[in-house]
> 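Can you read through this structure? Questions will come right after.
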Amino acid sequence: MSEETINSINGEIEDYDASHIQVLEGLEAVRLRPGMYIGSTSSSGLHHLVYEIVDNAIDEALAGFCDEVLVVIKNDGTITITDNGRGIPVDVQEQTGTSALEVVFTVLHAGGKFGGGGYKVSGGLHGVGASVVNALSEWLVVRVHRSNQIHEMKFSRGDITQEIKVVGKTDKSGTEVTFKPDSEIFDECVFSYDILRTRMREQAFLNGGLRITVRDEREGQTAEDSMCYEGGIIEFVEYINRNKTPLHDDVIHLAEERQDSTAEIALQYCGDVYNEFLLSFANNINTPDGGMHETGFKAALTRVLNDYGKKSGLLKNDDKLSGEDCREGITAVISVRLMDAQFEGQTKSKLGNSEIRSFVDSLISEKLAILFEENPVVARSILNKAIMASRAREAARKARENIRSKNALEGMSLPGKLADCNVDNPALTEIYIVEGDSAGGSAKGGRDSRFQAILPLWGKMLNVEKARADKVYGNEKLTPVITALGAGIGEDFLESKLRYHKVIIMADADVDGSHIRTLLLTFFFRFMRPLIEGGYVYAAQPPLFKLTRGKTVRWVLDESELETALTEMRGEDGKGKVDITRNKGLGEMDAHELWDTTMNPETRTLKRIELTDAIEADEVFTVLMGEKVEPRKEYIEKYAKYAVNLDM
Ligand code: TTJ
């Protein structure tokens, strides 16, 4: 709940009456349909509870009364969030017979706002308030440090189990909330330290100067991260770019305030990067689908670069840079705050307020143009990069048209190496992209040709992280993948044209296999992002071990299944001699074995590739596939587990 919200309940108490609360529902509604309020009852919903509480503390920080937030995962399945703000008012108001504290935790205010509004979201999944967290908790305790006393109130599944009472003295002020998510509601009630740290880091960047500390106090855990970034989103950009090579030393920072809104942008170009990385937020909420703030930014950036190009003579005649040219290699964070943010789209992840577009547009137009005038060296290097991008894009367009016209001429001819399946309903079919001709042969022999297609790849694959788009479109290793999938590439990608709804990368469980998997994933991530986002991409899991006893052979997926399999194979007396060998590659298995272990939907294990966090994914690909050698070494040593986990 926002500062204003509580103020309107408590401060301007004279005005308070039920009509200020636009929607009042019992908390039973929340328990009945939790997904409506927190999106889901899976891990994402569980963590949403924490964000919901932390948001309240951050509101207090935005109001200028709090500079520390602490998030502690406890050993008993609970989590505690503490701030050093003023503390939620606890006194019972005559007019209403309740306290602000009670209202905060028991009154649902969905789809509207109290009183004067404020930086809170109307509708959508965010900003539903602490009462939703309360409703979905087995129990919740809130302690308010205020006026030298500690006030405590307790709840269970939204119902009050202990009215406010004073439980001690204090010389501090602030609010502390502890809750235990309800196992009747959530699929699993285990908090992920990594998920919370990533989110809290993002919030620390977005609220410069605010210290957010995350700690894991569960048994065997010692993790703690204390994050405070005086530089705010400037440091956010530096953080994202820390493994890249910036084109200019200083992050460009532009900000402006208007009556009810603020807009702030930080950006930096990198010479060794060919994609764009745009992160946008409205009221601290990520808007992955962009919206008006992004639209305004993009339009103005393109205009400023073109204007500068013309004025400086870097752009000849009537050459024009496209928006994409202007964003090649850019990392930008856009953060706006506004009243009554409208989040649109199915996932409410797009900002709809149109007044923000012109606000951001004019901010960039004016201030970036001035910055360019004052820093011609920076301006020139950015322009030269965009001009290079423009030339490459022209070449790419020709290469792409080449593919297109070839397709048209040859009637969408499929790659020669593709062994297609018989069924042509994409929802039912899968394509195995297989490394090497011999494994390709086994896969062809082992598959169920009704619904499984095989595309063998061999040789060295292009590292798309080090190449511009034109190289990618013309690449003879990648073209078969593009045509077999049939959905196009880059801006042309059309999910609806995808020829198979399962795209399965099948490679050896060794270093080379891992390399080809990473190369293919990088390619999908950079050039067919919807393929990964849509959950179409999988990694096959060939067995790691082969057990032999006499003539009996058994394949075992991984270490976790090894013991059981060994015991079973040794037989009742436990004396049979069983040989264990590591499976060296797909080629070790015959067609029948490959089908049984890796391709038969009844018995195989597939891992779906999920890239939940765009920042992390970008980082992984930049580091693993990019120019800089040192960070890659460090990364692989430090995150050996994660680098493997990329194959998921
Ligand atoms: C509102 O205006 C009067 C003084 O107190 C202000 C207030 O409520 N601040 C506030 C709320 N600070 N922190 C919270 C808060 C913190 C946590 C961790 C959880 C919740 C639900 C609220």
> Of all heavy-atom pairs between P181 and C189, which one has the smallest distance, and what is that distance?
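Distance-wise, the nearest heavy atoms are O-SG, 3.9 Å.
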> Just to verify, what does R357 make a side-chain hydrogen bond (donor to acceptor under 3.5 Å, both in side chains) with, not counting sequence neighbours?
none
> With L520, which of V537, V503, I609, I433 fulfils side chain to side chain contact (heavy atoms under 4.5 Å, CB included)?
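So, applying the side chain to side chain contact (heavy atoms under 4.5 Å, CB included) to L520 and each of V537, V503, I609, I433, only I433 qualifies.
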> Any side-chain heavy-atom pair from R327 and L301 closer than 4.5 angstrom?
yes
> If we ignore angles and hydrogens, is there a donor and acceptor under 3.5 Å between the side chains of Y239 and R201?
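There is such a pair (donor and acceptor under 3.5 Å, judged by atom type) between the side chains of Y239 and R201.
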> Restricting to side chain to side chain contact (heavy atoms under 4.5 Å, CB included), what partner residues turn up for E430, sequence neighbours left out?
Y432, F451, Q452, K502, I504, R604
> For P426, which residues count as a side chain to side chain contact (heavy atoms under 4.5 Å, CB included) partner, sequence neighbours excluded?
H501
> Mark yes or no: R526 above the aromatic ring of F523, with NZ or CZ under 6.0 Å from the six-membered ring centre and no more than 45 degrees from the axis.
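No, R526 does not lie over the aromatic ring of F523.
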> The criterion is side chain to side chain contact (heavy atoms under 4.5 Å, CB included); which residues satisfy it with E476, sequence neighbours excluded?
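In terms of side chain to side chain contact (heavy atoms under 4.5 Å, CB included), with neighbours along the sequence ignored, E476 is linked to no residue.
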> State, to 0.1 Å, how close M599 and A443 come at their nearest heavy-atom pair, and which atoms those are.
CE-O, 4.0 Å
> With heavy-atom distances below 4.5 Å as the criterion, would you say the side chains of F545 and E561 are in contact?
no
> Within a strict 4.5 Å, meaning less than it, do heavy atoms of the R31 and E184 side chains meet?
yes
> State which residues pass side chain to side chain contact (heavy atoms under 4.5 Å, CB included) with V273; sequence neighbours excluded, sorted by chain then number.
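Once residues adjacent in sequence are excluded, the partners of V273 under the side chain to side chain contact (heavy atoms under 4.5 Å, CB included) criterion are K244, C270, N275.
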> Partners of E588 by side-chain hydrogen bond (donor to acceptor under 3.5 Å, both in side chains), sequence neighbours excluded?
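Applying side-chain hydrogen bond (donor to acceptor under 3.5 Å, both in side chains) to E588 gives none.
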> What verdict does the side-chain hydrogen bond (donor to acceptor under 3.5 Å, both in side chains) test give for Y51 and Q203, after you've listed the backbone C-alpha separation in whole Å, the side-chain angles of each residue and the deciding distance to 0.1 Å?
CA-CA 10 Å; Y51 312 152; Q203 291 298 318; over 6 Å; no
> Restricting to ring-ring contact (aromatic ring centres under 6.0 Å, His included), what partner residues turn up for F191, sequence neighbours left out?
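Expected list: H47.
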> Return the set of residues passing side-chain hydrogen bond (donor to acceptor under 3.5 Å, both in side chains) with S40 (not counting sequence neighbours), or none when no residue passes.
S42
> Give me each pair satisfying salt bridge (Lys or Arg N to Asp or Glu O under 4.0 Å) with a member in residues 447-458, each pair once, sequence neighbours excluded.
D448-R450
> For D194 and S192, run side-chain hydrogen bond (donor to acceptor under 3.5 Å, both in side chains): C-alpha distance rounded to whole Å, both residues' side-chain angles, the deciding distance at 0.1 Å, then the answer.
CA-CA 5 Å; D194 284 349; S192 154; 5.4 Å; no
> Using side-chain hydrogen bond (donor to acceptor under 3.5 Å, both in side chains) as the criterion, list what pairs up with S354, not counting sequence neighbours.
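In terms of side-chain hydrogen bond (donor to acceptor under 3.5 Å, both in side chains), with neighbours along the sequence ignored, S354 is linked to no residue.
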> Within the 4.5 Å heavy-atom criterion, are E52 and I38 side-chain neighbours or not?
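No - every pair of side-chain heavy atoms lies 4.5 Å or more apart.
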> For Y500, which residues count as a ring-ring contact (aromatic ring centres under 6.0 Å, His included) partner, sequence neighbours excluded?
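ring-ring contact (aromatic ring centres under 6.0 Å, His included) check on Y500 returns nothing, list empty.
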> Tell me, please, which residues at least two apart from H592 pass ring-ring contact (aromatic ring centres under 6.0 Å, His included).
none
> Closest approach of E294 and S280, non-hydrogen atoms and distance?
OE2-OG, 2.8 Å
